[in-house]
Amino acid sequence: MVKNLLEGKKGIIFGALNDRSIAWKVAEKAVEQGAQITLSNTAVACRMGEIKELSARLNAPLIAADATNVDDLKEVFRQSMEIFGGKVDFVLHSIGMSLNVRKKRTYNDLDYDFLNKTLDISSISFHKMLQTAYQMDAINEWGSIVALTYIASQRTLFGYNDMADAKALLESIGRSFGYIFGSERHVRVNTISQSPTATTAGSGIAGFDGLMDFSDRMSPLGNATAEDCANFCITMFSDLTKKITMQNIFHDGGFSSVGMSERAMTQYNKSFENESK
């Protein structure tokens with residue numbers, strides 16, 4: 001990988017929890033590539049200890065914030081700009097949580113209070129983040145803002161539940177705010193549709209191991225790992241991608257373009273062998 005791709009750039013990484021988190025790996029890669037960063041997560045996550053270790057190791061100040069709270073977000077941007085001595089060049093939104101998933105409420109038996117929390121945490125927080133940054137004029141020209149999403153926003157994948165609705169909204173927010181940020185500030189906004197990845201959040205989805213295995217077998221290049229995604233995020237933060245905006249970019253080994261793979265067809269045909277005897 002090219003070295004010092006983010007030299008001189010400043011960024012905020014939202015959502016790192018532990019070393020299984022994509023955001024955690026993005027933070028490591030960003031610093032490795034020459035960036036100065038701040039980290040943000042909820043007060044509870046900050047007290048858990050693991051993110052504090054990352055903060056100390058990367059010399060990246062940790063700012064506790066509820067991403068659904070606009071006042072908290074204002075503090076993250078204010079403190080970050082004070083630390084950086086200027087505006088921000090890149091932001092990662094890697095935040096998602098569904099109480100319906102955690103409580104095993106199926107899609108045809110949703111708790112609507114839980115659904116509202118899912119949407120607020122997993123997608124509306126992205127709008128709040130963008131609007132806060134826009135109103136504070138916190139992002140440098142040609143800056144890059146990225147949110148992580150998943151193909152369940154566009155296809156039905158059993159067990160993904162109301163998180164699919166949240167991801168669809170997230171992608172729409174990226175397009176709508178991307179137009180405003182791009183035309184008025186030359187700031188780009190994109191979403192990355194990542195392969196299913198074994199993060200702490202992902203492991204709560206029903207049948208997630210089977211979903212990962214199916215995707216890996218269907219994808220010509222196999223699943224993109226968390227580290228692969230981190231590398232791609234770094235590219236999206238860099239000046240190499242300064243004319244890409246309002247896009248939902250599939251980073252999934254080709255899964256999104258495959259209808260039926262040869263391996264899947266072979267397995268499908270085998271399932272009927274006993275019936276023909």
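Start at 1 with the first residue, then count along the sequence. Every heavy atom of this structure was used, including side-chain atoms; hydrogens, water molecules and symmetry mates were not.
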Trainee: Is any NZ, NE, NH1 or NH2 atom of the basic residue among Lys128 and Asp120 found under 4.0 Å from an Asp or Glu carboxylate oxygen of the other?
Mentor: yes

Trainee: Check whether Ser21 reaches the backbone of Ala16 with its side chain - one donor and one acceptor, N or O, closer than 3.5 Å.
Mentor: no

Trainee: Let me confirm one number: the CG-CG distance from Leu115 to Asp165, rounded to the nearest 0.5 Å.
Mentor: 6.5 Å

Trainee: I want to check something: taking the side chain as every heavy atom from C-beta on, are Thr225 and Lys25 in contact at a cut-off of under 4.5 Å?
Mentor: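 Not touching, per the 4.5 Å side-chain cut-off.
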
Trainee: Are a donor atom and an acceptor atom from the side chains of Asn161 and Asn100 found within less than 3.5 Å of each other?
Mentor: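 No, no side-chain donor-acceptor contact under 3.5 Å.
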
Trainee: If you apply the rule salt bridge (charged side-chain N to carboxylate O under 4.0 Å, His left out), what do you find for Lys9 with Asp239, and how did you get there?
Mentor: CA-CA 10 Å; Lys9 293 191 181 295; Asp239 292 336; 3.1 Å; yes

Trainee: Looking at every heavy atom in both Ser219 and Gly253, which two are closest together, and how far apart are they?
Mentor: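 Closest approach of Ser219 to Gly253, heavy atoms only: CB-O, 3.6 Å.
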
Trainee: Same cluster or not: are Leu6 and Ile37 linked, directly or through other Ile, Leu, Val, Met, Phe, Trp or Tyr residues, by side-chain heavy atoms under 4.5 angstrom apart?
Mentor: yes

Trainee: Just wondering, more than 12 heavy atoms not from Met265 lying within 6.0 Å of its CE?
Mentor: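 At most 12 heavy atoms, drawn from other residues, nucleotides or ligands, come within 6.0 Å of this atom.
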
Trainee: Is the closest side-chain donor-acceptor distance between Ser80 and Thr38 under 3.5 Å?
Mentor: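 Yes, because at least one side-chain N or O of Ser80 sits under 3.5 Å from a partner of the opposite role on Thr38.
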
Trainee: Is there a side-chain contact (heavy atoms from CB on, under 4.5 Å) between Arg47 and Val44? Walk through the geometry before answering.
Mentor: CA-CA 5 Å; Arg47 287 197 302 269; Val44 171; 3.5 Å; yes

Trainee: Could you tell me whether the side chain of Gln194 reaches within less than 4.5 Å of the side chain of Ile22, counting heavy atoms only?
Mentor: yes

Trainee: Ignoring hydrogens and angles, tell me if any N or O in the side chain of Asp252 forms a donor-acceptor pair with the backbone of Ser193 under 3.5 Å.
Mentor: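 It does not hold such a pair.
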
Trainee: Show your reasoning for whether side-chain contact (heavy atoms from CB on, under 4.5 Å) applies to Tyr107 and Phe158.
Mentor: CA-CA 10 Å; Tyr107 194 72; Phe158 177 75; over 6 Å; no

Trainee: Do Ser153 and Leu170 make a side-chain contact, defined as non-hydrogen atoms from C-beta onward lying under 4.5 Å apart?
Mentor: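 Sidechains of Leu170 and Ser153: no contact.
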
Trainee: What's the spacing between Thr68 OG1 and Ile95 CD1 if we round to 0.5 Å?
Mentor: 9.0 Å

Trainee: To the nearest 0.5 Å, what is the distance between SG on Cys233 and CD1 on Ile192?
Mentor: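 These two atoms lie 4.0 Å from each other.
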
Trainee: Looking just at side-chain N and O atoms, do Asn108 and Thr106 make a donor-acceptor pair shorter than 3.5 Å?
Mentor: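 Present: a donor and an acceptor within the cut-off.
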
Trainee: Closest approach of Thr245 and Val189, non-hydrogen atoms and distance?
Mentor: OG1-N, 2.9 Å

Trainee: Crowded around Phe214 CZ? As in, over 12 foreign heavy atoms under 6.0 Å?
Mentor: no

Trainee: Parallel, tilted or perpendicular for Phe232 and His251, by the 30°/60° rule?
Mentor: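 Geometry flag for His251 against Phe232: parallel rings.
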
Trainee: Test your reading of the model: is there a side-chain donor-acceptor pair from Thr235 to the backbone of Asn231, 3.5 Å cut-off?
Mentor: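 Indeed, once roles are kept as given, a pair shorter than 3.5 Å links the two residues.
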
Trainee: CG/Asn18 to CH2/Trp24 distance, rounded to the nearest 0.5 angstrom?
Mentor: 6.5 Å

Trainee: Please walk me through it: do Phe250 and Gln154 pass side-chain contact (heavy atoms from CB on, under 4.5 Å)?
Mentor: CA-CA 12 Å; Phe250 289 101; Gln154 301 178 29; 3.8 Å; yes

Trainee: Please determine whether residues Leu5 and Ile244 belong to a single hydrophobic cluster, defined as Ile, Leu, Val, Met, Phe, Trp and Tyr linked transitively by side-chain heavy-atom distances below 4.5 Å.
Mentor: yes

Trainee: Using every non-hydrogen atom in the two residues, find where Gly96 and Ser122 come nearest and quote the distance to one decimal.
Mentor: CA-OG, 3.5 Å

Trainee: Looking at CG of Asn4 and OG of Ser238, how far apart are the two atoms once the value is rounded to the nearest 0.5 Å?
Mentor: 12.5 Å

Trainee: Look only at the side chain of Ser55 and the backbone of Ala60, and say whether a donor-acceptor pair between them is shorter than 3.5 Å.
Mentor: yes

Trainee: Does the side-chain contact (heavy atoms from CB on, under 4.5 Å) test come out yes or no for Lys103 and Asp111, once each step is laid out?
Mentor: CA-CA 10 Å; Lys103 302 293 186 180; Asp111 179 296; over 6 Å; no

Trainee: When you measure from the side chain of Arg105 to the backbone of Phe114, do you find a donor-acceptor pair of N or O atoms at a distance under 3.5 Å?
Mentor: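 Checked: no pair found.
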
Trainee: Would you say that Ile145 contacts Phe126 through its side chain, given a criterion of any heavy-atom pair below 4.5 Å between the two side chains?
Mentor: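 With C-beta onward as the side chain, the pair touches.
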
Trainee: Honestly curious: do Tyr179 and Met236 fall in one hydrophobic cluster under the side-chain, below-4.5 Å linking rule?
Mentor: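 No, it is not one cluster - the side chains of Tyr179 and Met236 are not joined through contacts under 4.5 Å.
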
Trainee: Are Met97 and Tyr160 grouped together when hydrophobic residues (ILVMFWY) are joined by side-chain heavy atoms under 4.5 angstrom apart?
Mentor: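 No, no single cluster joins them.
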
Trainee: Between Arg217 and Asp213, is there a side-chain N and carboxylate O pair less than 4.0 Å apart?
Mentor: yes

Trainee: For a 4.5 angstrom cut-off between non-hydrogen side-chain atoms, does Ile139 reach Phe77?
Mentor: yes

Trainee: Less than 4.5 Å apart, any side-chain heavy atom of His93 and any of Ser125?
Mentor: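 Result yes, sub-4.5 Å side-chain heavy-atom pair found.
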
Trainee: Of all heavy-atom pairs between Ser123 and Ile173, which one has the smallest distance, and what is that distance?
Mentor: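 In this case the closest contact between Ser123 and Ile173 is O-CD1, 3.4 Å.
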
Trainee: Around atom CG of Asp109, are there more than 12 heavy atoms of other residues, nucleotides or ligands at under 6.0 Å?
Mentor: yes

Trainee: Are Phe14 and Tyr134 linked, directly or through intermediate hydrophobic residues, by side-chain heavy-atom contacts shorter than 4.5 Å (ILVMFWY only)?
Mentor: yes

Trainee: Closer than 4.0 angstrom, basic N to acidic O: yes or no for Glu141 and Lys87?
Mentor: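 No, no charged N to carboxylate O under 4.0 Å.
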
Trainee: Taking Asp89 for the side chain and Lys10 for the main chain, is one N or O donor matched with an acceptor at less than 3.5 Å?
Mentor: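 Looks like yes, one N/O pair under 3.5 Å.
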
Trainee: Roughly how far, to the nearest 0.5 Å, is the CH2 atom of Trp142 from the NZ atom of Lys243?
Mentor: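 Between Lys243 NZ and Trp142 CH2, I get 4.5 Å after rounding to 0.5 Å.
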
Trainee: Can you find a heavy atom in the side chain of Leu92 that is under 4.5 Å from one in the side chain of Leu148?
Mentor: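 Side-chain contact under 4.5 Å: yes.
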
Trainee: Is any NZ, NE, NH1 or NH2 atom of the basic residue among Glu171 and Lys167 found under 4.0 Å from an Asp or Glu carboxylate oxygen of the other?
Mentor: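 No, this pair does not count.
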
Trainee: For Ala23 and Ile13, work out which heavy atoms get closest and say how close.
Mentor: O-CG2, 3.5 Å

Trainee: Using a 4.5 Å cut-off on heavy atoms from C-beta on, say whether the side chain of Tyr150 contacts that of Met163.
Mentor: no

Trainee: If you take all heavy atoms of Ala67 and Leu73, which pair is closest and at what distance?
Mentor: O-CD1, 3.4 Å

